[in-house]
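Everything below concerns the one structure shown next.
As the structure is a computational prediction, the values presented were derived from the model and not from experiment.
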Amino acid sequence: MAKSGLILALCVLLPALISASRPMSRPYVLQGRVYCDTCRAGFETSATTYIPGAKVRVECKDRTQKLLYTADGITDATGTYYINVNEDHGDETCDVALVSSPLGDCKTADPGRDRARVVLTSYNGIVSDSRFANAMGFMKDEVMSGCTMLLQSLMEEED
């Protein structure tokens with residue numbers, strides 16, 4: 001009886017363990033953009049520029065905040081990064097975060113826009129393998145000329 005219980009457990013658990021540790025055949029493609037906040041507004045404006053060569057990192061942690069997965073990416077000429085993630089991270093909390101900017105005058109991460117939460121699992125109803133992160137930004141050291149008028153025009157539109 002115990003022998004048949006052990007065999008049954010091996011038949012059920014072994015394939016589940018093997019498939020859980022195996023890379024996915026079609027990885028998730030995590031995509032996002034990195035910008036330079038030229039007006040130091042705290043959000044993207046029409047004066048915002050996108051940063052080629054910025055470094056980002058995706059990190060997934062368990063409930064105890066233990067780091068379980070990390071992968072790095074670099075933005076292309078349009079300020080867009082693509083990171084292939086070959087594993088499902090359903091029970092983990094994953095964030096993509098800014099690492100560095102190649103621009104000497106735009107290196108300070110914008111507080112509140114320095115990371116973005118991403119969902120890296122297929123067990124939530126999302127059919128696509130593409131995953132999108134909110135844009136993240138660095139702030140320019142000096143406010144660009146013309147920003148005062150731009151921000152005033154945005155305030156007028158709100159009224």
Hey, is the main chain of Leu68 close enough, under 3.5 Å, to the side chain of Asp62 for a donor-acceptor pair? no
Would you say Asp76 has more than 12 foreign heavy atoms packed within less than 6.0 Å of its CG? yes
What distance do Leu103 atom CG and Phe138 atom CZ have between them, rounded to the nearest 0.5 Å? 9.0 Å
From Asn134 CG over to Arg113 CZ, what is the distance, rounded to the nearest 0.5 angstrom? 6.5 Å
To the nearest 0.5 Å, what is the distance between CZ on Arg33 and OG1 on Thr75? 9.5 Å
Would you please name every residue forming a side chain to side chain donor-acceptor pair (under 3.5 Å) with Ser46, sequence neighbours left out? none
Does Val99 belong to the same Ile/Leu/Val/Met/Phe/Trp/Tyr cluster as Ile74, with side-chain heavy atoms less than 4.5 Å apart forming each link? no
Are Val118 and Val85 packed together at the side-chain level, in the sense that at least one heavy-atom pair is separated by less than 4.5 angstrom? no
Residues Glu59 and Thr70: closest non-hydrogen pair is CG-OG1, 4.0 Å
Assign the ring pair Tyr35 / Tyr50 to parallel, tilted or perpendicular, where the plane angle (0 to 90°) is split at 30° and 60°. perpendicular
Please answer: with hydrophobic residues joined when any side-chain heavy atoms are less than 4.5 Å apart, are Met139 and Leu98 in the same cluster? no
Lys107 NZ: over 12 foreign heavy atoms closer than 6.0 Å: yes
Side chain to side chain contact (heavy atoms under 4.5 Å, CB included) partner of Tyr28, the single match among Glu87, His89, Arg131: Arg131
Run the side chain to side chain donor-acceptor pair (under 3.5 Å) test against Arg57 and tell me which residues pass, sequence neighbours left out. Asp72
Identify, with sequence neighbours excluded, every residue that meets side chain to side chain donor-acceptor pair (under 3.5 Å) alongside Arg63. none
For residues Ala109 and Asp114, report the shortest heavy-atom separation together with the two atoms involved. CB-CB, 3.9 Å
How close do Asp88 and Ser122 get, heavy atom to heavy atom, and via which atoms? OD2-N, 2.9 Å
Starting from Val119, can I reach Val58 by hopping between I/L/V/M/F/W/Y residues whose side chains sit under 4.5 Å apart? no
Given the rule in the side-chain contact (heavy atoms from CB on, under 4.5 Å) test, do Tyr69 and Leu120 qualify, once you have shown the distances and angles that lead to the verdict? CA-CA 11 Å; Tyr69 178 82; Leu120 297 174; 5.6 Å; no
From Thr108, Asp105, Thr38, residue fulfilling side chain to side chain donor-acceptor pair (under 3.5 Å) relative to Lys140: Asp105
Tell me, which pairs form a disulfide (SG to SG under 2.5 Å) where one or both residues lie in residues 116-153, sequence neighbours left out? Cys39-Cys147
Taking side chain to side chain donor-acceptor pair (under 3.5 Å) as the test, write out the residues that go with Asn84, two or more places apart. none
Would you name the heavy atoms of Ala116 and Ala133 that are closest together and state the gap between them? CB-CB, 4.2 Å
Measuring from Glu142:CD to Arg40:CZ, what's the distance to the nearest 0.5 Å? 8.0 Å
Of all the heavy-atom pairs spanning Pro27 and Asp129, show the shortest one and how long it is. O-CB, 3.7 Å
To the nearest 0.5 Å, what is the distance between CZ (Arg117) and CG (Asp95)? 4.0 Å
Can you pull out every disulfide (SG to SG under 2.5 Å) where at least one residue sits in residues 73-123? Sequence neighbours excluded, please. Cys36-Cys106, Cys60-Cys94
Reported OG1-to-CD1 distance for the pair Thr78 and Ile51, which is rounded to 0.5 angstrom: 12.0 Å
Minimum heavy-atom distance between Ala47 and Met144, given as atom pair plus value: CB-CE, 3.5 Å
